[in-house]
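By convention here, the first residue in the shown sequence is residue 1. These numbers come from a predicted model, not from an experiment.
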Amino acid sequence: MKEFSQISDAEWQVMQVIWGNSPITANEVIAQLDNNTDWKPKTIKTLIGRLVDKKVLGFHKEGKAYLYYPMVSENEGIRVESETFLKKVFNGSLNLMLANFIDEQRLSEEDIKELKRIIDGRE
């Protein structure tokens with residue numbers, strides 16, 4: 001799981017397709033990403049290969065096709081990426097991150113109520 005925090009933004013996009021459509025062939029990933037990127041099929045296949053090497057993706061062969069599936073859940077991926085971001089940008093300080101977010105964003109009354117509800121639920 002350590003390597004998961006080292007996936008690139010492009011690899012993250014591939015993972016989002018696979019999380020939502022597993023198991024899936026490389027050609028199906030290419031078709032889905034064709035709508036959102038200008039990547040060549042070879043680039044996408046390279047990204048898939050890197051994710052397999054990092055043990056974030058697994059695969060099995062069905063006939064001539066390789067079907068790819070995630071080795072980590074999307075929730076686990078989000079958790080790891082969030083922790084990495086927090087450590088990298090805010091030196092691990094959740095308080096600093098929240099204070100910065102609140103200072104920099106315009107929060108609606110509904111946003112503030114939701115944040116309070118979340119905090120109250122953690123006590």
Thr43 versus Thr46: any side-chain heavy-atom pair under 4.5 Å? no
Measuring from Leu57:CG to Trp19:CH2, what's the distance to the nearest 0.5 Å? 9.0 Å
Do other residues, nucleotides or ligands put more than 12 heavy atoms under 6.0 Å from Asn35 CG? yes
Rounded at 0.5 Å granularity, tell me how far CD in Gln16 sits from CG in Asn36. 9.5 Å
Using a 3.5 Å cut-off and no angle test, enumerate the donor-acceptor pairs between side-chain atoms of residues 59-72 and protein atoms at least two apart in sequence or in another chain.
none

Anything under 3.5 Å between a donor and an acceptor, one on a side chain of residues 93-109, the other on a protein residue two or more places apart or in another chain? List them.
residue: Ser93; atom: OG; partner: Leu96; partner atom: N; Å: 3.0
residue: Ser108; atom: OG; partner: Glu110; partner atom: N; Å: 3.4
residue: Ser108; atom: OG; partner: Asp111; partner atom: N; Å: 3.0
residue: Ser108; atom: OG; partner: Asp111; partner atom: OD2; Å: 3.2

Going by the salt bridge (charged side-chain N to carboxylate O under 4.0 Å, His left out) test, which pairs reach into residues 21-50, not counting sequence neighbours? none
Tell me whether Thr37 contacts the main-chain N or O of Leu33 through its side chain, where contact means a donor paired with an acceptor under 3.5 Å. yes
Specify the closest pair of heavy atoms between Val17 and Asn21, including all atoms of both residues, with the distance to one decimal. O-ND2, 2.7 Å
side-chain hydrogen bond (donor to acceptor under 3.5 Å, both in side chains) involving Glu83 - partner list, sequence neighbours excluded: Arg79
Indicate the atoms forming the closest heavy-atom contact of Gln6 with Glu11, along with that distance. O-OE1, 4.2 Å
According to the ring-ring contact (aromatic ring centres under 6.0 Å, His included) rule, which pairs have a member within residues 70-97, sequence neighbours left out? Phe85-Phe90
Please enumerate all residues that pass side-chain contact (heavy atoms from CB on, under 4.5 Å) together with Ala31, with sequence neighbours excluded. none
Val56 reachable from Ile78 in the ILVMFWY side-chain graph, under 4.5 Å edges: yes
Can you get from Val80 to Val89 by hopping between Ile, Leu, Val, Met, Phe, Trp and Tyr side chains that sit under 4.5 Å apart? no
Within this structure, what is the CD-CD1 distance for the pair Gln13 and Ile18, rounded to the nearest 0.5 Å? 12.0 Å
Minimal non-hydrogen separation, Leu51 against Ile7, with atom names: CD2-CG2, 3.9 Å
Return the set of residues passing side-chain hydrogen bond (donor to acceptor under 3.5 Å, both in side chains) with Glu114 (not counting sequence neighbours), or none when no residue passes. Arg117
Does the side chain of Met15 come within less than 4.5 Å of Glu74's, by heavy atoms? no
